[in-house]
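Inspection log for the structure reproduced underneath, given as structure tokens.
This is a predicted model, so every value here is computed, not measured. Side chains included, hydrogens not; waters and symmetry mates left out as well; all remaining heavy atoms used.
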Amino acid sequence: MKRIIIGALAVIMMLAMVGCGGEEKESLTVATFKDITAESGYHMNLEMTAEGQAMTMDMQVKGDQLYVDGKLSGETVLMIKNAEGFYVLMPSLKQGIKVTLDAKMEKDLEGIKEVTDMGVQAKDAEYTEGEMDIDGTTYQYEEFKDDDKNVAKFCYKDGKLAYLISTADGVETKIKINSLDNKVDEALFKVPTDYTITEGTL
């Protein structure tokens, strides 16, 4: 499960990095992300399917700090990245691991911060608009592409971001956005004192 959550974070990173060019009209994507900055950080609650399994994630990011509450198949895993390191916690056991990250995981986690630049990137990006049906509901979308032909669709209902849909290497990933804001609880970046922590790898 821990690797699945890391993979989901990598998808979000890719979505944050698509798009380049020039467009004068303010898009819905610019309006959605303009109050999310490196100084504010962001909070996002989402649902997605990873490796055929439904999962939910509640994540908060500010600077180099990260908090993820991930739920998959009835199991909860917490992930915390702070100045002391990267931790994976199992609330049901009150145990955790201080993880030694490999290069790929370091890159994936570093890329999560790119979401705070989304407003700036979208402002300067070329995109196409359209409508699409998701589970019987019609959404307006803005589609961005990067130089590697990766595609990200930001899907809106009544002006509110509802889905992020990415296509990379022919694989489509759909993320349902339940909430997105810049309200970050920095207390969550601290590892609870009632956990037994060991060191290891994922």
Side-chain angles (χ1 to χ4, degrees), residues 1-18 42-61 65-81 85-115 118 132-137 139 141 143-144 148 150-157 160-181 185 188-189 191-192 195-198 200-202:
M1 175 180 176
K2 296 180 283 293
R3 280 283 183 180
I4 293 176
I5 294 177
I6 290 291
L9 295 175
V11 170
I12 296 169
M13 175 194 73
M14 191 283 290
L15 286 166
M17 298 179 72
V18 297
Y42 69 91
H43 163 247
M44 181 186 296
N45 185 280
L46 59 91
E47 301 174 33
M48 65 181 293
T49 299
E51 298 185 10
Q53 301 182 71
M55 66 180 296
T56 63
M57 291 173 54
D58 194 86
M59 57 188 296
Q60 305 201 34
V61 178
Q65 300 177 108
L66 166 73
Y67 171 85
V68 176
D69 181 335
K71 293 179 173 60
L72 177 69
S73 301
E75 182 181 1
T76 298
V77 171
L78 305 180
M79 294 186 175
I80 297 174
K81 184 176 185 291
F86 180 71
Y87 300 84
V88 177
L89 309 179
M90 302 295 293
S92 62
L93 302 174
K94 290 295 182 181
Q95 295 179 357
I97 303 173
K98 185 178 182 181
V99 178
T100 301
L101 299 174
D102 59 30
K104 182 180 184 304
M105 292 174 64
E106 286 275 14
K107 182 179 179 180
D108 290 344
L109 292 172
E110 182 68 18
I112 301 305
K113 296 188 298 183
E114 296 291 333
V115 172
M118 179 63 74
M132 66 184 299
D133 182 90
I134 302 176
D135 299 329
T137 300
Y139 295 87
Y141 70 78
E143 180 180 278
F144 298 81
D148 295 321
N150 296 315
V151 178
K153 287 184 179 179
F154 295 75
C155 303
Y156 297 87
K157 186 65 177 178
K160 181 179 179 181
L161 180 63
Y163 286 91
L164 299 174
I165 301 176
S166 71
T167 303
D169 299 324
V171 178
E172 182 179 277
T173 301
K174 180 171 68 176
I175 301 174
K176 181 181 179 183
I177 306 298
N178 296 320
S179 63
L180 174 65
D181 56 59
D185 182 357
L188 294 174
F189 300 134
V191 176
Y195 278 71
T196 300
I197 304 296
T198 57
T201 59
L202 293 181

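The side-chain contact (heavy atoms from CB on, under 4.5 Å) test with L46 singles out one residue from N178, L180, I175, D58, and that residue is I175.
For Y163, the ring pair (Phe, Tyr, Trp, His ring centres under 6.0 Å) criterion is met by Y139, not counting sequence neighbours.
In this structure, Q60 contributes its side chain and D185 its backbone to a donor-acceptor pair below 3.5 Å.
Atom CD in E47 sits 6.5 Å away from atom OG1 in T56 (nearest 0.5 Å). The line from OH of Y195 to CD of Q95 is 10.0 Å long, rounded to the nearest 0.5 Å.
No side-chain heavy atom of E75 sits under 4.5 Å from any side-chain heavy atom of S92. Using a 4.5 Å heavy-atom threshold, the side chains of F86 and I80 count as separate. Residues P192 and L78 have side chains not in contact (no heavy-atom distance under 4.5 Å, counting atoms from C-beta outward). Counting only heavy atoms from C-beta outward, the side chains of L188 and D69 never approach each other to under 4.5 Å.
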- Message: For a side chain to side chain contact (heavy atoms under 4.5 Å, CB included) check, start with the C-alpha distance between Q53 and S73, then their side-chain angles and the critical distance, and finish with the verdict.
- Response: CA-CA 7 Å; Q53 301 182 71; S73 301; 3.0 Å; yes
- Task: Evaluate the criterion side chain to side chain contact (heavy atoms under 4.5 Å, CB included) for residue pair L164 and F154; output intermediate values, then yes/no.
- Result: CA-CA 5 Å; L164 299 174; F154 295 75; 3.0 Å; yes
- Run the numbers on L89 and I197 for side chain to side chain contact (heavy atoms under 4.5 Å, CB included), then give the verdict. CA-CA 8 Å; L89 309 179; I197 304 296; 3.7 Å; yes
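Environment of NZ in K160: sparse, with no more than 12 heavy atoms of neighbouring residues, nucleotides or ligands closer than 6.0 Å.
Annotation for D133 and D135: closest pair OD2-N, 3.9 Å, computed over non-hydrogen atoms.
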